Number of protein chains: 2
Amino acid sequence: MATEAPATGGTRRDRTRRVTLADVARAAGVSASTASLAVNGAGPVAPATRERVLSAARSLGYSGPNPLARSLRRGRCGVVAVVLGERLAYAFSDPMMVGMLDGLADEVGTAGSSLLLVPLSGPTGAAERLAALPMDAAVVDDCDAATVDLIPALHARGVVVVGVDGPQGSGIPVVDLDDEAATTALFAHLADLGHTRFGVITLPLALDTVGGPLVPADPATRERLAKGAGVQRRRTLAAEEAAARHGVSVRFVEAARNLVDEGERAAATLLDGPLPESPLPGCPRPAGDARPTAIIAQSDVLALGCLRAAGTRGLRVPEDLSVAGFDGVDLHLFDGTTLTTIEQPASEKGRTAARLVAAALSGQQPDDVRLTTRLRVGTTTGPAPGR
Amino acid sequence: MATEAPATGGTRRDRTRRVTLADVARAAGVSASTASLAVNGAGPVAPATRERVLSAARSLGYSGPNPLARSLRRGRCGVVAVVLGERLAYAFSDPMMVGMLDGLADEVGTAGSSLLLVPLSGPTGAAERLAALPMDAAVVDDCDAATVDLIPALHARGVVVVGVDGPQGSGIPVVDLDDEAATTALFAHLADLGHTRFGVITLPLALDTVGGPLVPADPATRERLAKGAGVQRRRTLAAEEAAARHGVSVRFVEAARNLVDEGERAAATLLDGPLPESPLPGCPRPAGDARPTAIIAQSDVLALGCLRAAGTRGLRVPEDLSVAGFDGVDLHLFDGTTLTTIEQPASEKGRTAARLVAAALSGQQPDDVRLTTRLRVGTTTGPAPGR
DNA sequence: CGATTCGATCGAATCGTTTCGACCGCAGTC
DNA sequence: GACTGCGGTCGAAACGATTCGATCGAATCG
């Protein structure tokens, strides 16, 4: 076998050199270019030659073209990054995110690419990690102001960037929902049922928030809303507007995380009245008029926590308290309860993002896509008490 | 600005050429090697030179070294693939998997790498996708016989492969659990409570299974067990053995998927007796002696379905039926119920896998790691009825 | 003052593939 | 018989970086 590489004494990182396409070509007695064509099945190659190359590859144990070299040459590597604000366990605890990722992975996979997960909460700087990773495109999910700043650097590298749920107007195509219309529909539904005191549990405005009461009119809060992700902002501002239009009162509480427990905690703040955060133990608050009769949570996960808080306090749903969510997830409620919620096409959101990526990669400049949601009335909303 | 590239008329995939390190070097009046050293901050470079290079890079809009080129040269690309048997939505619906991925991502991220998700259920061949993707290492999760066949090809490329929950003895380091001991502990716990008729709901033995009654002694079933993932095999065989040792009867039903609904369906098969799958409506079956008084599910998700099935049938847990799970996940049971289960360190499993990857990448040959589990007794198991 | 070392820089090889353009017979066509 | 077209093959130029070894002053040491 004349497959010995010349003993150049060059760089050798590993003990054993991998067998390369050049080795195969040499063994088959053809040029590297022909070997490449044969292995890739592209281009005109005589059947006999092809067979010779293939058998040489087999007998040498050639493991196919080196992905890095091929990608470098081709300018495409078949990787689509997903930029997540949180660590994986939190991202995956959100059924909407999971649905989105599933749709994204499916559609991206059909196009022959795979998903690279890039959580921005790692120990090292997020920007460096993102810049050093091979990728054709990046999908940023619901990103805040800090993440938006990473987009130009990606564009400079020629990476296609697509947004999910935001950021609108940042020069990247975005797929999002009609959050305003959905929020409006929820208020209309509950106002029609006679509710006049509303509570809203918002999604966390930032990654490191501790949650708590929120006054959208407050300048500091407006600032935080502006810097946060788009979903929270749109749903919260739409809620304020809808409440004003219906002439009903509304109080906002921010959840520290999109988790059931945090939904419960936020609901407690609403249900136990506008008093100091830590009530004295054994001292139930006569919430009276201040207690909302309808609570809208900005996610089903939070709504679930809200249901739990109601149960703990002996409040019947929907007789004493109406609860609505947002997402339309099947959350395995055991007792036949079905949550009133906004159904959003989570998986379709991912699919659409993948299509935007594909379009942008093929040189087009796709437009934003807005998906529509639907109000699904369940058993957790009913007429306001005393009506 | 003398930054014009010579008009070679060469290949031009895009309308605009990216600015490369060579451009920066030219603009700064240094060689490419010096520019590389300056940009990377490694090697001895005079402060003045470094500054000149950096400012040239800035003014040219250099977006950092091309990851592909750098990776090709270095032989490392900072990507660890996770090979999943299922599509993402199913994988993510398993809290253990999520926990494992979280730990894996965290530890891998600390080492400066990111996670590439590779579901094997895509439309195109799995092998091709895997072979064409850039990666330093691959973590295969709980893989079946078909997936094991992919390992040699990865090794040939110099990719480090590490297994989670299997496959033992395939020449790759594996991190797994003491599944046998855990199963034994569950049987001991329930046998001590006086149970003599057991049911076991197994995880799906294959990706495309439809589930249903299972007879481990049956040769065909043994064959399916052998070809499937390790966890299912070990837990099932250990259950058979434990039942024999305690002198209790046991019936096995395979769930079609690791989903709550499938757990409920499998439980129905156990609780409604060994009769045709679709009982006549309104015709409750006098299961009598055949009905198990204790059901062990091979995951908490399945156990949840089992609880639901019990509730539907008016069976009280644990008075009429004891239910145990496997995983130790917090599954948000509303009514204060806590599941008797095996606590496994899911996140630690991922972390350990990451450590094995790191060790193997640095040239070592790490040993297998077996993590230990713990029986957690909750409120879903109690004395056998009539005792 | 000569020899040695060290810091800064550069040239050139290398990583492994793809692909453009050229070349060369051979068959078909007028 | 000259010309065109095409199937098959090859050489060489990218792709964009890293890194080894060499070079060359300047500074240090004896």
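What you see is a predicted model; the values in this text were computed from it and never measured. A, B, ... follow the sequence lines: proteins, then strands. Residue 1 opens every chain.
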Side-chain donor-acceptor contacts of residues 43-53 of chain A below 3.5 Å, not counting sequence neighbours, with atom names and distances?
residue: R52(A); atom: NH1; partner: A28(A); partner atom: O; Å: 2.6

In a table with atom names and distances, give each donor-acceptor pair under 3.5 Å that connects a side chain of residues 160-167 of chain A to protein atoms at least two apart or in another chain.
residue: D165(A); atom: OD2; partner: K349(A); partner atom: NZ; Å: 2.8

Would you find a donor on one side and an acceptor on the other, under 3.5 Å apart, between the side chain of [X] and the backbone of [Y]?
X      : Y      : answer
D23(A) : T20(A) : yes
T34(B) : V30(B) : no
S71(A) : P67(A) : yes

| task | Take S33(A) and S36(A), measure what side chain to side chain donor-acceptor pair (under 3.5 Å) needs, and give me the verdict at the end. | result | CA-CA 5 Å; S33(A) 15; S36(A) 172; over 6 Å; no
Rounded off to whole Å, could you give me the [atom1]-to-[atom2] distance for the [X] and [N] pair?
X       : N       : atom1 : atom2 : result
R70(B)  : dG16(C) : CZ    : P     : 18 Å
L21(A)  : dC10(D) : CG    : P     : 12 Å
L68(A)  : dT18(C) : CG    : P     : 12 Å
R157(B) : dT17(C) : CZ    : P     : 11 Å
R26(A)  : dC10(D) : CZ    : C1'   : 15 Å
R74(A)  : dC15(D) : CZ    : P     : 16 Å
L72(B)  : dA14(D) : CG    : C1'   : 13 Å

Kindly give the atom pairs (protein nitrogen or oxygen, nucleotide nitrogen or oxygen) under 3.5 Å for nucleotides 6-9 of chain D.
residue: dT9(D); atom: OP1; partner: T49(A); partner atom: OG1; Å: 2.4
residue: dT9(D); atom: OP2; partner: A46(A); partner atom: N; Å: 2.9
residue: dT9(D); atom: OP2; partner: T49(A); partner atom: OG1; Å: 3.3

Looking at [X], does any N or O in its side chain come under 4.0 Å of the phosphate oxygens OP1/OP2 on [N]?
X      : N       : result
Y62(B) : dG16(D) : no
S33(A) : dT18(C) : no
T20(A) : dT17(C) : yes

| task | Map A35(B) and A69(B) onto DNA chain C by nearest heavy atom, then report which one ends up closer to the 5' terminus. | result |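 Closest to the 5' end, via its nearest nucleotide, is A35(B).
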| Contacts of type salt bridge (charged side-chain N to carboxylate O under 4.0 Å, His left out), residue R157(B), not counting sequence neighbours |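 Result, salt bridge (charged side-chain N to carboxylate O under 4.0 Å, His left out) vs R157(B): none returned.
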Among [options], find the nucleotide with the atom closest to the side chain of [X].
X      : options                   : answer
N66(A) : dG16(D), dA17(D), dT17(C) : dT17(C)
N40(B) : dG16(C), dT18(D), dA17(D) : dT18(D)
R73(B) : dT17(C), dT18(D), dG16(C) : dT18(D)

Show me the side-chain donor-acceptor pairs of residues 130-138 of chain A shorter than 3.5 Å, one per line, residues at least two apart or across chains.
residue: D136(A); atom: OD1; partner: C77(A); partner atom: N; Å: 2.8
residue: D136(A); atom: OD2; partner: C77(A); partner atom: N; Å: 3.1
residue: D136(A); atom: OD2; partner: G78(A); partner atom: N; Å: 2.7

| field | From CA spacing to verdict: side chain to side chain donor-acceptor pair (under 3.5 Å), D368(A), Q168(A) | value | CA-CA 8 Å; D368(A) 289 3; Q168(A) 289 83 357; over 6 Å; no
| query | Can you give the dot-bracket line for DNA chain D, using ( ) for pairs inside the strand, [ ] for pairs that cross earlier ones, | for pairs with another strand and . for unpaired bases, where Watson-Crick and G-U count if both distances are under 3.5 Å? | reply | ||||||||||||||||||||||||||||||
